[in-house]
Each structure stands twice: as structure tokens, then as C-alpha cells.
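Numbered from 1 within each chain, the chains take letters A, B, ... in sequence-line order.
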Amino acid sequence: MSDNQPKKEISAIKGTRDILPDEARLWQIAEARAREIFELYGYRELRAPVIEPTELFEKGTGASSDIVTKEMYTFTDKGGRSVTLRPEYTPSVVRAIIEHRLDLQAQPLRFYYIGPMFRYDRPQKGRYRQFHQIDIEVFGEKDPAVDAEIVEMAHRLLSQLGVEKAMTLVNSVGCRKCRPAYGQELRKASMAARDRLCPDCQRKAELNPLRIFDCKVESCREVAATFPLISDFLCPECREHFQKFREYLDFYGIEHRVEPTLVRGLDYYTKTAFEIVAEHLGAQNAICGGGRYDDMVKEFGGPDLCGIGFAMGLERLLSVARIQVPKSSFVYFAYLGQQAKKDSLRLARLLRSEGIECLVEFKERGMKAHFSRANKLGADWVLVVGEDELKKGKFQLKDMVNSRQFEGSALELVSLIKGKKILE
RNA sequence: GUGAGUGUAGCUCAAGGGUUAGAGCACCGGACUGUGGAUCCGGUGGUUGGGGGUUCGAAUCCCCUCACUCACCCCA
């Protein structure tokens, strides 16, 4: 035991942070808007645990994905089970559907959830180890109209939160019938051009040729321009689905750009993949990402139930949102003496039961100090409780914004405060 | 995991080898014992991220380490 260890202050662990009250207010508003909007479209909240068996993600997210291979918070619990803090939400919902036979309910099923996710990444702007997602999923609806509807719903939320210049990128990644052929062709092309690629892309040619498309090196871009595109390989069914999806987007008046190289990092997507990107977010500019995953439920041993959904990153969303915080108003009690303190406490109970926020501080102060304090705290009203008031049963109420003062009984002042609240 | 940048008071920043590391804001108190914001005065607050080295002398120069930030990778 060494006693000269450098004293180290305990701080939040890397990639996590505290959301202090001023900021938490913005979170509350954003979350409330999301819930309101999703409920308008028939979505209902489904809360799954933060912690799940590790195999859920190995199977669902994909054993070869970056998330599973190097970004999961995985540990062994006291019972010897391997458990993981969820890095994403979709596999949990799929698990819940199968476990509770939710597929027996009338379809389509629509769920939403808001909560923390965990990924052991190196933190940077817009990327944290504990981050928060707004997640929605629809099960049992094959019609591409629903693909467009969730994009439209995402845009409604963004516009409610004052997010401007959000660009929608769309693609179809095909299905198990048509995608493999494309993968082979792309690999063939990239391997053939290997010696003209940068070292980084030479590695990608073997591991994930799709990533060569977003290399910034000019020579790589030239090479990549000659590569085949998924759009030329889509089977008739996928092609039609993608076309209808885009028709519905046009129907909704949602501007979008086809991004033939948009694949998303998760293995399970089929057909539709999309992303919404925003400005001023730095390198991590995707504010929302989603797509269709028609095979996942079945692969988990469940019924043949198609799915589609998206996730929005709350941290990223809030960094581009412009949220008006409604002004709250409260009454500060300026009392003089022990008796008045108790009367203040009693009056505050009355006002609170009328829905009025009250603050009675326990430290005794002079009248000047009370007002000074009330001003600093941003009180809208100061209720003066002193000997004179107690004798008369009438109190002085000062409007701190207009510097006007009123006198009245407790009930008269209640209606005065409530009346003003309604006017605002 | 790789690379770069930054670490001085709660916050924003000075001091660039030379007394006891300063200022503004914030906080607490006073001028002002029944009425706020302004002004003035005073006060609390620092092992200069941590450790080692060079030097008569280190916040300052060197090495190590930690933290934060941004980027790569990947993604929300």
C-alpha cells in the first residue's frame, strides 16, 4: 500500500459525460417532440434492457462488423455469462418480438425507444462511448411506402427541432439473391486494380472493397469510378422496391440523393438503406441512419417477418437543433423572521398545489438580500412575507420583470400569477 | 488501434528562465436592518494535469505519463 499515490480526482470516464440541467432541458424537449411525433404515426414505446447476452449482437449486428469485433463493452458477470452493454437497439427489439410472440399481434408492428447505447470507440466530435439514440422499428410491412414514411417521419422531427439543411441519402443494397453477385464483381475489380490504390485501399480491397469508394486520395477516386455499382446488379424485385421507395419520397416532397456507395456499417441491411446528414457536425455528420432488414427475425429463429427502422443520434441531433426553451416562472419568498418563514412554507404548499413553482430558501436574509438573491435566481415574482402582511392577511407580490407590486390575499395572488401565466 | 494539437483559479485567458503566478467574469461579504438589476470596496479560490530531469532559479526548456480536443478508422 503506497500512500504517496498522486491524488486523482474521480471524473466521468472517457467518452461519457454529464448532462447538466440547462442542457438536460433541451434533451427533455427533443425527447418529448420525438415521442409526440412517433405516437402520431402509431408507434408505441418498447423498453428493452441496457444489457443483453453477448451472442445477441454477434448474431444480430454481425460477427464480422466493426461494432462487434472491436467496439463492444463486453464482460463476464458473476454467473459466468458473457454480457454486453448494447451498442445498438435493433437486435433487442427482435429478441423481444420473438420472446413475447409479438408477431401474433396485428401487423405491422411499430415501436420506438429513446436511450443510451455504448460503443468502445475513440471519442471525437459527435462520437461518444455512451451516446443516445432515438430508435424506431416497423415489422411486418413490405410495402416501400413504409420505407418512405419513416423517412418522412424523421424529417418531421428534424423540422420540429429546427434542424435546417438536412440532406437525405438513399440507396438499395439488394437482397440475399442479388447482393452476393455484386460483392464478387466488386472484389474482382478492386483486386485487379490493386497496385493503383493507396496502401489503405489495398487493405480495403480484401476486407471491404465498398469502402474504397469513400477514399479521399485522387488516384483511388479515379480507380473507384470504374468499379461496378450495386444499382446494376439489383434483382427485379429489389429494383422495383427501390424505385417505388423513391416515388413515395417524391410524393412526400422529400429531396434526396441516390448515393450508390451508401452501404452502412451493419451487415444485416437489405434493400433500402438511407442516411440523413447535417452541416456543421464535423467528420461525423450522419444524424440519422437506417434501412430495411428483412431477414433478421428469421435468422434469429423467429417467424419470417420483415423489418425496417432508423436510429437518430441525440448528441448529434442536439448539436444542430435550434430549440426554444419555454420560459419557466417561479415565486421567490422574501420573509423576515421565524414566524414568517413558517408562514412562507405554508403558503408555498398552497401555491404549489395550484401548480405554481415556489422557492423558499432556508437561510435567513434581510429584505435587500432576499431581492438580490431572487433577482440572481431569475425569479419572476417575489412574495413578501413580513409582520405587516401576517397581521393583515394580505401580502405584497412584486412582479420582478415590470417592477410592479400588488397587494392581496393569498388566493387573489394565486389567480394573479396564474392569469399572467396564461397571458404569456 | 494510428496521427496531430492543447493542458495555468469554477469559466475565459495573461505572465515566454528571475521576488510571494495575475486579470476579467462567477461566487461570498460590505457600503445598504422592508424592495433586485448599477457602481464602488473587500474576500474565498492554484502542488501552473501528474512524475522525473536540466538550472543558482522552471508555469516557461527536455523526457515520460495522464487527460481533453480534432482527425484517420468506423458510425448515431
Side-chain angles (χ1 to χ4, degrees), chain A residues 4-17 20 61 65-71 86-90 114-135 154 198-201 203-204 207-208 210-211 214-217 262-266 275-278 281-290 309-320 332 334-337 340 363-389 395-405:
Chain A
N4 58 356
Q5 297 251 332
K7 251 184 270 176
K8 207 166 172 188
E9 183 172 277
I10 297 175
S11 57
I13 63 181
K14 185 195 279 280
T16 72
R17 66 197 194 92
L20 303 179
T61 308
S65 67
D66 276 24
I67 289 177
V68 172
T69 55
K70 48 188 193 193
E71 294 174 6
R86 61 182 179 206
E88 61 149 342
Y89 196 63
T90 307
I114 303 174
M117 308 291 156
F118 304 84
R119 291 183 201 171
Y120 195 86
D121 257 6
R122 189 87 172 253
Q124 67 184 69
K125 188 179 179 72
R127 195 172 73 188
Y128 307 93
R129 288 184 175 177
Q130 177 180 335
F131 61 103
H132 300 77
Q133 287 187 335
I134 301 177
D135 191 284
C198 71
D200 210 27
C201 286
R203 205 167 36 83
K204 291 180 190 168
L207 297 172
N208 194 351
L210 281 162
R211 289 283 161 211
D214 32 57
C215 183
K216 279 129 198 145
V217 178
L262 175 72
V263 287
R264 315 217 27 80
L266 303 167
E275 212 167 76
I276 301 174
V277 297
L281 268 173
Q284 314 300 326
N285 66 346
I287 198 174
C288 176
F310 68 69
M312 264 193 205
L314 258 169
E315 284 83 358
R316 292 180 189 178
L317 178 59
L318 285 164
S319 75
V320 292
Y332 178 95
Y335 59 85
L336 293 173
K363 181 180 177 182
E364 300 228 22
R365 300 173 209 266
M367 196 51 68
K368 192 166 199 70
H370 270 309
F371 271 82
S372 176
R373 175 81 179 155
N375 186 59
K376 182 162 18 183
L377 293 172
D380 301 80
W381 305 94
V382 171
L383 186 63
V384 177
V385 184
E387 280 179 32
D388 303 347
E389 284 80 4
F395 302 89
Q396 299 290 323
L397 180 72
K398 183 159 183 179
D399 179 334
M400 294 295 278
V401 181
N402 306 324
S403 284
R404 282 203 206 126
Q405 193 152 316

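Spacing between atom NZ of A:Lys368 and atom P of B:U35 amounts to 6 Å, rounded to whole angstrom units. Atom CZ of A:Arg127 is separated from atom C1' of B:A71 by 9 Å (rounded to the nearest Å). Between A:Asn285 atom CG and B:A71 atom P there is a gap of 10 Å when expressed in whole angstrom units. For the pair A:Tyr128 OH and B:U69 P, the computed distance is 7 Å after rounding to whole Å. With rounding to whole Å, A:Lys398 atom NZ is found 7 Å from B:G36 atom P. Computed from coordinates, the A:Leu20 CG to B:C11 C1' distance equals 13 Å when rounded to whole Å. Between the CG atom of A:Asn375 and the C1' atom of B:G34 there is a distance of 17 Å, given to the nearest Å. When the C1' atom of B:U35 is taken as reference, atom CG of A:Asn402 falls 16 Å away, rounded to whole Å.
At a threshold of 4.0 angstrom between heavy atoms, the contacts of A:Glu389 include nucleobase atoms, whether or not backbone atoms are also involved. Within 4.0 Å (heavy atoms only), A:Ile287 reaches sugar-phosphate atoms of the nucleic acid but no base atom. Residue A:Gly282 is in sugar-phosphate contact alone, with no base atom involved, counting any heavy-atom pair closer than 4.0 Å across all strands shown. Counting non-hydrogen atoms under 4.0 angstrom, A:Val382 reaches nothing in the nucleic acid. Using a 4.0 Å heavy-atom cutoff across all strands shown, A:Asp388 reaches at least one base atom of the nucleic acid.
Remark: the A:Ser403 side chain and the B:G37 base include a donor-acceptor N/O pair separated by less than 3.5 Å. Contact of A:Gln396 with B:U35 (side chain to base): no donor-acceptor pair of N or O atoms is detected under 3.5 Å. Between the base of B:C74 and the side chain of A:Glu71 there is no donor-acceptor pair shorter than 3.5 Å.
Nucleotide B:G57 forms a pair with no other nucleotide shown, judged by Watson-Crick or G-U wobble geometry with both contacts under 3.5 Å. Across every strand in view, B:G36 sits unpaired, with no contact that passes the Watson-Crick or G-U test at under 3.5 angstrom. Nucleotide B:A9 forms a pair with no other nucleotide shown, judged by Watson-Crick or G-U wobble geometry with both contacts under 3.5 Å. Pair assignment for B:G42: B:C28, on the basis of Watson-Crick or G-U wobble contacts that are both within less than 3.5 Å. As the counterpart of B:G16, no nucleotide is assigned, since no Watson-Crick or G-U wobble pattern has both distances under 3.5 Å. Across all strands shown, the partner of B:U2 is B:A71, judged by Watson-Crick or G-U wobble contacts whose two distances both fall under 3.5 Å. Pairing of B:A21, defined by two Watson-Crick or G-U wobble distances under 3.5 Å, is not identified with any nucleotide.
B:U20 and B:A58 have their C1' atoms separated by 16 Å, with the value rounded to a whole Å. Distance check on atom C1': B:C27 versus B:U44 gives 8 Å, rounded to whole Å. For the P atoms, the distance from B:G3 to B:C64 is 13 Å, rounded to whole Å. As rounded to the nearest Å, B:A71 and B:A15 have C1' atoms that lie 32 Å from one another. The gap from the P atom of B:C61 to that of B:G17 amounts to 7 Å, rounded to the nearest Å. The gap from the C1' atom of B:G22 to that of B:G16 amounts to 15 Å, rounded to the nearest Å. Comparing B:U6 with B:C13, their P atoms are spaced 14 Å from each other, to the whole Å. Going from the P atom of B:A26 to that of B:G37 covers 13 Å, rounded to whole Å.
In this structure the side chain of A:Met367 reaches within 4.5 angstrom of the side chain of A:Val384, judged on heavy atoms. With contacts defined as side-chain heavy-atom distances shorter than 4.5 Å, the pair A:Arg129/A:Tyr120 qualifies. Counting only heavy atoms from C-beta outward, the side chains of A:Lys125 and A:Gln284 never approach each other to under 4.5 Å. A 4.5 Å side-chain heavy-atom check between A:Ile67 and A:Arg119 finds at least one atom pair inside the cut-off. Looking at heavy atoms from C-beta onward, A:Phe371 lies in side-chain contact with A:Lys398 at the 4.5 angstrom threshold.
Listed candidates were B:C74, B:G36, B:C73. Nearest to the side chain of A:Lys70 is B:C73. With B:G34, B:C28, B:U35 as the choices, the nucleotide that has an atom nearest any side-chain atom of A:Lys363 turns out to be B:C28.
For B:C68, the OP1/OP2 oxygens have a side-chain nitrogen or oxygen of A:Lys14 closer than 4.0 Å. The phosphate of B:A71 (OP1 or OP2) has a side-chain N or O of A:Gln124 nearer than 4.0 angstrom. Considering only side-chain N and O atoms, A:Arg129 lies nowhere under 4.0 angstrom from the phosphate OP1 or OP2 of B:C74. Contact check, A:Lys125 against B:C72: no side-chain N or O comes under 4.0 Å of OP1 or OP2.
Annotation: the span from A:Asp380 atom CG to A:Asp399 atom CG amounts to 8.0 Å, rounded to 0.5 Å. Between the NE2 atom in A:His370 and the CG atom in A:Leu336 there is a gap of 6.0 Å [rounded to 0.5 Å].
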Letter per nucleotide, 5' to 3', of nucleotides 3-8 of chain B [B base touched, S only sugar-phosphate touched, - untouched; heavy atoms, 4.0 Å]: B-----

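Around atom CD of A:Glu387, no more than 12 heavy atoms belonging to other residues, nucleotides or ligands sit under 6.0 Å away.
Each of A:Ile276 and A:Pro123 lies near RNA chain B, and the nucleotide nearest A:Pro123 is the one positioned closer to the 5' end. For the pair A:Val401 and A:Glu315, nearest-nucleotide mapping onto RNA chain B gives the more 5' position to A:Val401.
A glycosidic torsion no more than 90° from 0 defines the syn conformation; B:G17 lies beyond that range and is anti.
Judged by distance alone, with hydrogens and angles left aside, the side-chain atoms of A:Arg86 form a donor-acceptor pair with the main-chain N or O of A:Pro116 at under 3.5 Å. Side-chain atoms of A:Arg316 never come within 3.5 Å of backbone atoms of A:Ile287 as a donor-acceptor pair (strictly under, hydrogens ignored). Looking at A:Glu315, its side chain does come within 3.5 Å of a backbone N or O of A:His132 through a donor-acceptor pair.
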